[in-house]
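What follows is one structure encoded as structure tokens, with my remarks underneath.
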Amino acid sequence: MSCLFPNHPADHFCAKCGAPLTSYAATAPFESAFAKGHAYRQATEKPRRLIVVLGMWMIFGPIAGGGITMIVLSAGDPLQTIIGLGMSALSGAIIAKTTWNYCVRKAGNSQPK
């Protein structure tokens with residue numbers, strides 16, 4: 001995806017979409033978090049290939065599983081239960097949205113025009 005929004009030459013990120021524009025944006029310690037966030041947003045909102053969906057499952061599936069494990073093994077500790085709920089809910093939502101968007105996009109592309 002290319003960004004055609006006019007940006008200042010010294011900017012490291014697009015002012016409109018947040019895409020990294022320079023190698024510094026992807027490699028600097030603090031800025032790389034924003035670059036990764038942009039990549040995750042693109043993968044979640046517009047997954048173009050099945051490998052992207054599988055990759056998101058591989059990244060966020062273990063986090064969701066860890067959250068469920070924390071809930072099961074919390075032994076009544078409310079803080080651990082809340083953290084486990086947050087981990088599993090957030091990861092599950094990301095996985096569901098990615099999978100849903102891929103399926104909708106795939107179904108929309110397969111119909112004759």
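Keep in mind the model is a prediction, meaning the values are calculated, not measured. We use all heavy atoms of the structure for the numbers below, so side chains are in, but hydrogens, waters and symmetry mates are not.
- For the atom pair NZ of K106 and CZ of R48, the computed distance is 14.0 Å after rounding to the nearest 0.5 Å.
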Would you mind writing out the side-chain donor-acceptor pairs for residues 60-71 within the sub-3.5 Å range, not counting sequence neighbours?
residue, atom, partner, partner atom, Å
T69, OG1, G65, O, 2.8

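- Pairing each heavy atom of N7 with each of F13, the nearest pair is OD1-O, 4.2 Å.
- Note: the hydrophobic cluster containing M58 does not contain V53 (ILVMFWY, side chain heavy atoms under 4.5 Å, direct or indirect links).
- Smallest separation of non-hydrogen atoms from P47 and R105: O-CD, 3.4 Å.
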Do any side-chain atoms of residues 80-96 form donor-acceptor pairs under 3.5 angstrom with protein atoms, and if so which ones, sequence neighbours left out?
residue, atom, partner, partner atom, Å
T81, OG1, S74, OG, 3.0
T81, OG1, D77, O, 3.0
S88, OG, G84, O, 2.9
S88, OG, L85, O, 3.2
S91, OG, M87, O, 3.0

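- The structure places CD of E45 at 5.0 Å from NZ of K97, a figure rounded to the nearest 0.5 Å.
- L50 is connected to I59 through a chain of hydrophobic side-chain contacts under 4.5 Å among Ile, Leu, Val, Met, Phe, Trp and Tyr, so both are in one cluster.
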